[in-house]
Visitor: 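Just passing along the structure, written as structure tokens.
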Number of protein chains: 2
Amino acid sequence: MFTIGTLSKSTGVNIETIRYYERVGILPKPPRAASGRRMYDEDTVRRLAFIRHARDLGFGLTDVRALLALQDNPEVPCAEASHIAGDQLAAVEARIGRLEALRAELMRMVGACANGRAADCRVIGALAHPAETGAAGQSAQSELSIISKGS
Amino acid sequence: MFTIGTLSKSTGVNIETIRYYERVGILPKPPRAASGRRMYDEDTVRRLAFIRHARDLGFGLTDVRALLALQDNPEVPCAEASHIAGDQLAAVEARIGRLEALRAELMRMVGACANGRAADCRVIGALAHPAETGAAGQSAQSELSIISKGS
DNA sequence: GGTTGATCCTGTAGTCGCTACAGGATGTAG
DNA sequence: CTACATCCTGTAGCGACTACAGGATCAACC
């Protein structure tokens, strides 16, 4: 049994974030020492590592909750986990597509700039008069919202 | 001169977002009709289109402010605009790299799932025992934070 | 002139996933 | 015994919106 600082160091998750996870119910409330300090065990290290890895993969906390529930109920068919991961894969591929379009447009903008005055700046001109080519200008917005919404 | 609803429709920017932009000072306060309604002109359409396009390209509002200031002061050398766009390009390329690593890991996870029970699920297993291969697990976190921070 | 329904106004609070305090209590080492 | 590290709770802030509530105004039709 060890304290939150140790848990934080051994998982790389911020102390404040651990308490936040407890508050929103993604980590169970741990037992407390007589002084009120949270005391954790190895199981929590594993659970937190699972959460962190899922978060690193871009899963939102809602998805993480679902995946944890599956992990806790091993008799449930895993099609659901596979479905969640498939959705996430599709979202990641969509993001990559959007970002590649953005990259193309940014490269065009940066490449065209001749370091003159702002009046002639191709970067600013490109922003003021977007190119009609490709999908970049059309729904990169949703690319960004996809990201913040998780899967 | 037209109202906020018309501006919203002609730029595709939400009404609430337009008022938000005004509140945070990225759009100037427009003149009001006797009834108190905001009245816009074509210049605002252009300015808002500029903002929207820059946002679509992933620029944060701080960057957008800087780009607008450059546009408003045409005598300033555009090296700064070019620099902002270059930073953004680098950030986009970093995101793409991260996301490609995530994609590889997700494909591996989804591909390995045999639709058995959760106890044997490769997706859950992969999350519980992350692969050591590649950079996916190491700093995709920062990939996500880069996104939310803009450039 | 009256009534409906669309549009507008202000102000506040919610979203997501943290992160950063403030102000205090405890634990550990010298 | 004194530092200093670590912990606690609770609240507020971040970015970039979005979603109300509760009211005023406008345009069109009868």
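Throughout, a chain's letter reflects where its sequence line sits, starting with A, and its residues are numbered from 1.
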Visitor: Which whole-number value in Å describes the distance from A:L7 CG to D:dT6 C1'?
Guide: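 Going from CG in A:L7 over to C1' in D:dT6 covers 14 Å.
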Visitor: Quick one: does B:R52's side chain have a donor or acceptor within less than 3.5 Å of a partner on B:V13's backbone?
Guide: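 Pair absent, no side-chain N/O of B:R52 close to backbone of B:V13.
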Visitor: Between D:dC26 atom P and B:R38 atom CZ, what is the distance in whole Å?
Guide: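 Taking atom P of D:dC26 as the reference, CZ of B:R38 is at 15 Å.
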Visitor: Check for me, please, whether B:M1 and B:V45 land in the same ILVMFWY cluster - side-chain distances under 4.5 Å, paths through other members count.
Guide: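 No, no single cluster joins them.
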Visitor: Taking OP1 and OP2 of C:dC8, is either one under 4.0 Å from a side-chain nitrogen or oxygen of B:T3?
Guide: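 Result: yes.
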Visitor: If you measure from the Lys or Arg side-chain nitrogens to the Asp or Glu carboxylate oxygens, is any gap between A:E22 and A:R19 under 4.0 Å?
Guide: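 Looking at A:E22 and A:R19, the cut-off is not met.
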Visitor: Partners of A:T17 by side chain to side chain donor-acceptor pair (under 3.5 Å), sequence neighbours excluded?
Guide: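 With neighbours one apart ignored, the set is empty.
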Visitor: Find the distance A:I51:CD1 to C:dC16:C1' and express it as a whole number of Å.
Guide: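 It is 16 Å, rounded to the nearest whole Å.
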Visitor: Using a cut-off of strictly less than 4.0 Å between a heavy atom of the residue and any atom of DNA chain C, enumerate the qualifying residues of residues 13-25 of chain B by number.
Guide: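 Heavy-atom contacts with DNA chain C come from B:I15, B:R19.
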Visitor: Donor-acceptor pair, B:D43 side chain versus B:R46 backbone, under 3.5 Å?
Guide: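 Judged by distance alone, no pair lies under 3.5 Å.
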Visitor: Does A:E42 reach the side chain of A:F2, with side-chain heavy atoms less than 4.5 Å apart?
Guide: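 Contact flag for A:E42/A:F2 side chains = yes.
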Visitor: What is the distance, rounded to the nearest whole Å, between atom CG of B:D56 and atom C1' of D:dA16?
Guide: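 Distance check: B:D56 CG to D:dA16 C1' gives 13 Å.
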Visitor: I need the CZ-C1' distance between B:R65 and D:dG15, as an integer number of Å.
Guide: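 Atom-to-atom, B:R65 to D:dG15, this comes out as 11 Å.
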Visitor: In whole angstrom, give the distance that lies between atom CG of A:D63 and atom C1' of C:dG17.
Guide: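 Roughly 14 Å, once rounded to whole Å.
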Visitor: Rounded to the nearest angstrom, tell me the gap between atom CE in B:M39 and atom P in C:dT7.
Guide: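 Going from CE in B:M39 over to P in C:dT7 covers 15 Å.
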Visitor: Using a cut-off of under 3.5 Å, enumerate the N/O to N/O pairs linking the protein to nucleotides 25-27 of chain C.
Guide:
from: C:dT26; atom 1: O2; to: A:R37; atom 2: NH2; distance (Å): 3.1
from: C:dG27; atom 1: OP1; to: A:S35; atom 2: OG; distance (Å): 3.4

Visitor: Within the structure, does a side-chain N or O atom of B:R32 lie under 4.0 Å from either OP1 or OP2 of D:dT25?
Guide: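 For D:dT25, OP1/OP2 do not have a side-chain N/O of B:R32 under 4.0 Å.
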Visitor: Given the rule in the side-chain contact (heavy atoms from CB on, under 4.5 Å) test, do B:D87 and B:D63 qualify, once you have shown the distances and angles that lead to the verdict?
Guide: CA-CA 10 Å; B:D87 282 358; B:D63 287 338; over 6 Å; no
Visitor: Is A:M39 linked to A:Y21 within one hydrophobic cluster, defined over Ile, Leu, Val, Met, Phe, Trp and Tyr using a side-chain heavy-atom separation of less than 4.5 Å?
Guide: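 Different clusters: A:M39 never reaches A:Y21 through Ile, Leu, Val, Met, Phe, Trp or Tyr contacts under 4.5 Å.
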Visitor: Rounded to the nearest Å, what distance is computed from the CG atom of residue A:L61 to the P atom of nucleotide C:dC18?
Guide: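 Computing the A:L61:CG to C:dC18:P distance gives 5 Å.
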Visitor: In Å and rounded to the nearest 0.5 Å, what is the CG to CG distance from B:L61 to B:L67?
Guide: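 Atom-to-atom, B:L61:CG and B:L67:CG are 11.5 Å apart.
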